[in-house]
Amino acid sequence: MRVLIADDHAVFRRGLKETLAEAFPKVTFGEASTAQETLDHARRQDWDVAILDISMPGKSGLDILDDLKRLRPRLPILLLSMHPEQQFARRALKAGAAGYLTKDGVPEELKEAIKKIVGGGRYVSATLAERLAVELRDESDLPLHELLSDREFQVLRMIASGKTVKEIADELSLSVKTVSTYRARILRKRA
(Lines give C-alpha, C1' and ligand atoms only; values in the text may rest on other atoms or scores of the structure.)
Protein backbone atom coordinates (compact mmCIF):
# COMPACT_ATOMS: atom_id res chain seq x y z
CA MET A 1 0.00 0.00 0.00
CA ARG A 2 1.25 3.50 -0.89
CA VAL A 3 0.28 6.30 1.52
CA LEU A 4 0.86 10.01 0.90
CA ILE A 5 1.05 11.99 4.15
CA ALA A 6 0.58 15.74 3.81
CA ASP A 7 1.17 17.61 7.05
CA ASP A 8 3.51 20.51 7.82
CA HIS A 9 4.78 18.95 11.08
CA ALA A 10 7.62 16.43 10.60
CA VAL A 11 7.16 14.86 14.04
CA PHE A 12 3.48 14.26 13.36
CA ARG A 13 4.24 12.70 9.93
CA ARG A 14 6.71 10.36 11.61
CA GLY A 15 4.13 9.32 14.19
CA LEU A 16 1.61 8.60 11.44
CA LYS A 17 4.13 6.46 9.58
CA GLU A 18 4.97 4.44 12.70
CA THR A 19 1.28 3.94 13.54
CA LEU A 20 0.38 2.82 10.02
CA ALA A 21 3.45 0.58 9.65
CA GLU A 22 2.17 -1.42 12.65
CA ALA A 23 -1.11 -2.17 10.89
CA PHE A 24 0.09 -2.44 7.30
CA PRO A 25 3.44 -4.28 7.08
CA LYS A 26 4.07 -3.62 3.37
CA VAL A 27 3.31 0.08 3.37
CA THR A 28 5.43 2.74 1.65
CA PHE A 29 5.11 6.44 2.30
CA GLY A 30 5.43 9.75 0.56
CA GLU A 31 5.64 12.92 2.60
CA ALA A 32 4.70 16.50 1.84
CA SER A 33 4.84 19.54 4.09
CA THR A 34 3.23 22.10 1.75
CA ALA A 35 0.33 22.24 -0.68
CA GLN A 36 2.69 22.37 -3.65
CA GLU A 37 4.67 19.32 -2.50
CA THR A 38 1.40 17.43 -2.01
CA LEU A 39 0.23 18.19 -5.54
CA ASP A 40 3.67 17.36 -6.99
CA HIS A 41 3.60 13.93 -5.31
CA ALA A 42 0.08 13.33 -6.64
CA ARG A 43 1.15 14.23 -10.18
CA ARG A 44 4.25 12.01 -10.13
CA GLN A 45 2.88 8.84 -8.56
CA ASP A 46 -0.29 6.87 -7.90
CA TRP A 47 -1.24 6.53 -4.22
CA ASP A 48 -3.64 4.15 -2.53
CA VAL A 49 -4.64 6.79 0.02
CA ALA A 50 -3.71 10.34 1.00
CA ILE A 51 -3.82 11.69 4.54
CA LEU A 52 -4.25 15.44 4.42
CA ASP A 53 -4.03 18.06 7.17
CA ILE A 54 -6.57 20.88 6.92
CA SER A 55 -4.12 23.54 8.14
CA MET A 56 -1.30 23.57 5.60
CA PRO A 57 0.94 26.53 4.79
CA GLY A 58 0.04 28.33 1.58
CA LYS A 59 -3.33 26.71 0.94
CA SER A 60 -5.99 25.25 3.18
CA GLY A 61 -6.50 21.51 3.19
CA LEU A 62 -9.96 22.03 1.69
CA ASP A 63 -8.39 23.82 -1.29
CA ILE A 64 -5.77 21.09 -1.64
CA LEU A 65 -8.54 18.49 -1.43
CA ASP A 66 -10.28 20.12 -4.38
CA ASP A 67 -7.02 20.17 -6.40
CA LEU A 68 -6.25 16.54 -5.53
CA LYS A 69 -9.74 15.40 -6.55
CA ARG A 70 -9.25 17.09 -9.94
CA LEU A 71 -5.82 15.46 -10.37
CA ARG A 72 -6.74 12.03 -8.98
CA PRO A 73 -10.54 11.66 -8.84
CA ARG A 74 -10.38 8.10 -7.49
CA LEU A 75 -7.80 8.81 -4.77
CA PRO A 76 -9.35 8.26 -1.33
CA ILE A 77 -8.42 11.15 0.96
CA LEU A 78 -8.63 11.16 4.75
CA LEU A 79 -8.64 14.62 6.28
CA LEU A 80 -6.88 14.67 9.61
CA SER A 81 -7.23 17.89 11.54
CA MET A 82 -6.77 19.56 14.89
CA HIS A 83 -10.08 21.35 14.22
CA PRO A 84 -13.23 19.85 15.78
CA GLU A 85 -15.48 17.87 13.47
CA GLN A 86 -18.31 20.40 13.69
CA GLN A 87 -16.11 23.03 12.01
CA PHE A 88 -14.94 21.19 8.91
CA ALA A 89 -16.06 17.56 8.61
CA ARG A 90 -19.34 18.08 6.79
CA ARG A 91 -17.74 20.52 4.35
CA ALA A 92 -14.78 18.17 3.74
CA LEU A 93 -17.04 15.19 3.04
CA LYS A 94 -19.16 17.26 0.64
CA ALA A 95 -15.94 18.30 -1.14
CA GLY A 96 -15.00 14.68 -1.77
CA ALA A 97 -13.01 13.50 1.25
CA ALA A 98 -13.46 9.81 2.02
CA GLY A 99 -13.13 10.45 5.74
CA TYR A 100 -12.47 12.95 8.50
CA LEU A 101 -10.66 12.44 11.80
CA THR A 102 -9.44 14.80 14.45
CA LYS A 103 -5.80 14.58 15.52
CA ASP A 104 -6.79 13.82 19.08
CA GLY A 105 -8.20 10.46 17.96
CA VAL A 106 -6.62 7.18 18.99
CA PRO A 107 -4.23 5.30 16.67
CA GLU A 108 -6.68 2.38 16.36
CA GLU A 109 -9.29 4.72 14.91
CA LEU A 110 -6.77 5.94 12.32
CA LYS A 111 -5.98 2.35 11.30
CA GLU A 112 -9.69 1.54 11.05
CA ALA A 113 -10.34 4.66 8.95
CA ILE A 114 -7.53 3.82 6.52
CA LYS A 115 -8.75 0.22 6.10
CA LYS A 116 -12.27 1.42 5.42
CA ILE A 117 -11.45 4.11 2.87
CA VAL A 118 -8.82 2.02 1.04
CA GLY A 119 -11.56 -0.61 0.70
CA GLY A 120 -13.78 1.94 -1.03
CA GLY A 121 -15.85 3.07 1.96
CA ARG A 122 -16.16 6.31 3.87
CA TYR A 123 -15.17 6.94 7.45
CA VAL A 124 -16.57 9.27 10.09
CA SER A 125 -16.45 8.93 13.86
CA ALA A 126 -19.52 7.62 15.68
CA THR A 127 -20.09 11.10 17.13
CA LEU A 128 -20.07 12.73 13.70
CA ALA A 129 -22.29 10.02 12.20
CA GLU A 130 -24.89 10.64 14.91
CA ARG A 131 -24.76 14.40 14.41
CA LEU A 132 -25.13 14.05 10.62
CA ALA A 133 -28.15 11.79 11.12
CA VAL A 134 -29.77 14.37 13.40
CA GLU A 135 -29.02 17.16 10.89
CA LEU A 136 -30.68 15.18 8.11
CA ARG A 137 -33.81 15.01 10.20
CA ASP A 138 -33.90 18.74 10.89
CA GLU A 139 -31.84 20.93 8.57
CA SER A 140 -33.00 24.08 10.41
CA ASP A 141 -30.65 23.13 13.25
CA LEU A 142 -27.56 23.42 11.03
CA PRO A 143 -24.83 25.66 12.44
CA LEU A 144 -24.82 29.02 10.67
CA HIS A 145 -21.36 28.45 9.12
CA GLU A 146 -22.78 25.44 7.22
CA LEU A 147 -25.01 27.83 5.26
CA LEU A 148 -21.98 29.56 3.74
CA SER A 149 -20.48 28.68 0.37
CA ASP A 150 -16.91 27.35 0.41
CA ARG A 151 -15.53 30.76 -0.62
CA GLU A 152 -17.65 32.59 1.96
CA PHE A 153 -16.42 30.18 4.63
CA GLN A 154 -12.82 30.74 3.54
CA VAL A 155 -13.27 34.53 3.73
CA LEU A 156 -14.96 34.20 7.14
CA ARG A 157 -12.02 32.19 8.50
CA MET A 158 -9.57 34.78 7.18
CA ILE A 159 -11.56 37.64 8.71
CA ALA A 160 -11.69 35.74 12.00
CA SER A 161 -7.90 35.32 11.90
CA GLY A 162 -7.58 39.12 11.85
CA LYS A 163 -6.82 39.74 8.17
CA THR A 164 -8.02 42.91 6.52
CA VAL A 165 -10.20 42.90 3.40
CA LYS A 166 -7.18 44.05 1.36
CA GLU A 167 -4.96 41.26 2.75
CA ILE A 168 -7.67 38.69 1.97
CA ALA A 169 -8.09 40.07 -1.55
CA ASP A 170 -4.34 39.87 -2.18
CA GLU A 171 -4.04 36.33 -0.79
CA LEU A 172 -7.02 35.01 -2.78
CA SER A 173 -6.22 37.00 -5.94
CA LEU A 174 -9.58 38.76 -5.78
CA SER A 175 -10.56 42.40 -5.86
CA VAL A 176 -11.29 44.25 -2.61
CA LYS A 177 -14.84 44.78 -3.91
CA THR A 178 -15.35 41.02 -4.38
CA VAL A 179 -14.10 40.25 -0.87
CA SER A 180 -16.39 42.98 0.48
CA THR A 181 -19.31 41.33 -1.35
CA TYR A 182 -18.48 37.99 0.29
CA ARG A 183 -18.29 39.73 3.66
CA ALA A 184 -21.72 41.31 3.11
CA ARG A 185 -23.20 37.92 2.15
CA ILE A 186 -21.77 36.36 5.30
CA LEU A 187 -23.34 39.09 7.43
CA ARG A 188 -26.72 38.67 5.68
CA LYS A 189 -26.73 34.91 6.31
CA ARG A 190 -25.99 35.53 9.98
CA ALA A 191 -29.18 37.53 10.44
Side-chain angles (χ1 to χ4, degrees), residues 4-13 16 31-43 50-73 75-105 122 124-125 127-128 131-132 135 139-191:
L4 175 59
I5 300 173
D7 191 292
D8 56 327
H9 296 97
V11 171
F12 189 75
R13 290 194 309 269
L16 283 176
E31 294 184 55
S33 61
T34 66
Q36 191 57 53
E37 285 178 17
T38 305
L39 297 173
D40 290 345
H41 277 293
R43 280 187 195 95
I51 300 173
L52 179 62
D53 183 17
I54 274 201
S55 302
M56 295 280 285
K59 255 186 168 179
S60 82
L62 290 173
D63 292 332
I64 300 168
L65 172 65
D66 188 47
D67 294 339
L68 282 174
K69 292 312 280 181
R70 267 189 260 118
L71 269 174
R72 301 279 183 185
L75 175 66
I77 301 169
L78 175 67
L79 263 86
L80 194 58
S81 175
M82 66 179 182
H83 300 288
E85 291 172 330
Q86 65 267 24
Q87 285 185 359
F88 289 102
R90 192 170 196 265
R91 192 171 299 274
L93 294 168
K94 281 176 71 175
Y100 187 95
L101 274 178
T102 57
K103 287 184 176 180
D104 62 358
R122 292 189 171 252
V124 294
S125 71
T127 306
L128 178 59
R131 199 172 81 249
L132 290 174
E135 286 175 3
E139 294 235 345
S140 66
D141 287 342
L142 281 178
L144 292 176
H145 71 271
E146 290 294 343
L147 302 174
L148 302 176
S149 71
D150 288 341
R151 182 63 92 178
E152 290 167 346
F153 186 63
Q154 184 180 31
V155 168
L156 174 66
R157 287 188 359 247
M158 294 172 93
I159 290 169
S161 73
K163 293 186 177 173
T164 66
V165 171
K166 170 125 179 59
E167 290 170 334
I168 295 168
D170 291 343
E171 190 169 326
L172 298 178
S173 301
L174 299 171
S175 72
V176 169
K177 184 176 179 179
T178 300
V179 173
S180 294
T181 300
Y182 283 123
R183 184 177 173 275
R185 287 182 192 164
I186 292 165
L187 290 171
R188 270 197 308 273
K189 288 181 181 181
R190 182 186 68 116

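In what follows, every heavy atom counts, from backbone to side chain, and hydrogens, waters and symmetry copies are set aside.
At distances below 3.5 Å, not a single donor-acceptor pair connects side-chain atoms of R122 with backbone N or O atoms of Y100.
E167 pairs by the salt bridge (charged side-chain N to carboxylate O under 4.0 Å, His left out) definition with nothing, not counting sequence neighbours. Among residues two or more places apart in sequence or in another chain, the salt bridge (charged side-chain N to carboxylate O under 4.0 Å, His left out) test is passed with R72 by D46. K163 meets the salt bridge (charged side-chain N to carboxylate O under 4.0 Å, His left out) test with E171; sequence neighbours excluded. By the side-chain hydrogen bond (donor to acceptor under 3.5 Å, both in side chains) test, S180 is found to be paired with no residue, residues two or more places apart in sequence or in another chain being considered. Scored by the side-chain contact (heavy atoms from CB on, under 4.5 Å) test, A6 finds A32, T38, L52, M56 as partners (sequence neighbours excluded). For the salt bridge (charged side-chain N to carboxylate O under 4.0 Å, His left out) test, no residue two or more places apart in sequence or in another chain qualifies with E37. L172 meets the side-chain contact (heavy atoms from CB on, under 4.5 Å) test with R151, Q154, V155, M158, I168, L174; sequence neighbours excluded. Every side-chain contact (heavy atoms from CB on, under 4.5 Å) that D66 has, sequence neighbours left out, goes to R70. In this view, S175 and K177, T178 satisfy the side-chain contact (heavy atoms from CB on, under 4.5 Å) rule, not counting sequence neighbours.
Rounding to the nearest 0.5 angstrom, the gap separating the CG atom in L39 from the CG atom in D67 is 5.0 Å. Here the CG atom belonging to L4 is positioned 12.0 Å from the CG atom belonging to L78, to the nearest 0.5 angstrom. Note: E152 CD to R157 CZ = 13.5 Å, rounded to the nearest 0.5 Å. The CD1 atom of I5 lies 10.5 Å from the NE2 atom of H41; values are rounded to the nearest 0.5 Å. In this structure, the separation between CG on D7 and CD on E31 is 10.0 Å, given to the nearest 0.5 Å. Note that CG of D104 is 11.5 Å distant from CE of M82, once rounded to the nearest 0.5 Å.
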Evaluate side chain to side chain contact (heavy atoms under 4.5 Å, CB included) for L65 paired with L79, printing each intermediate quantity in order.
-> CA-CA 9 Å; L65 172 65; L79 263 86; 4.1 Å; yes
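What you find for A35 and I64 is that their closest heavy atoms are CB-CD1, 3.4 Å. The two residues I159 and R183 come nearest to each other via the heavy atoms CD1-CG, 3.9 Å. Between S81 and I54, the shortest heavy-atom distance links the atoms OG-CB, 3.8 Å.
Side-chain contact between L148 and L156 is present, with heavy atoms from C-beta onward closer than 4.5 Å.
Under a 4.0 Å N-O distance rule, the pair K103/D53 qualifies as a salt bridge.
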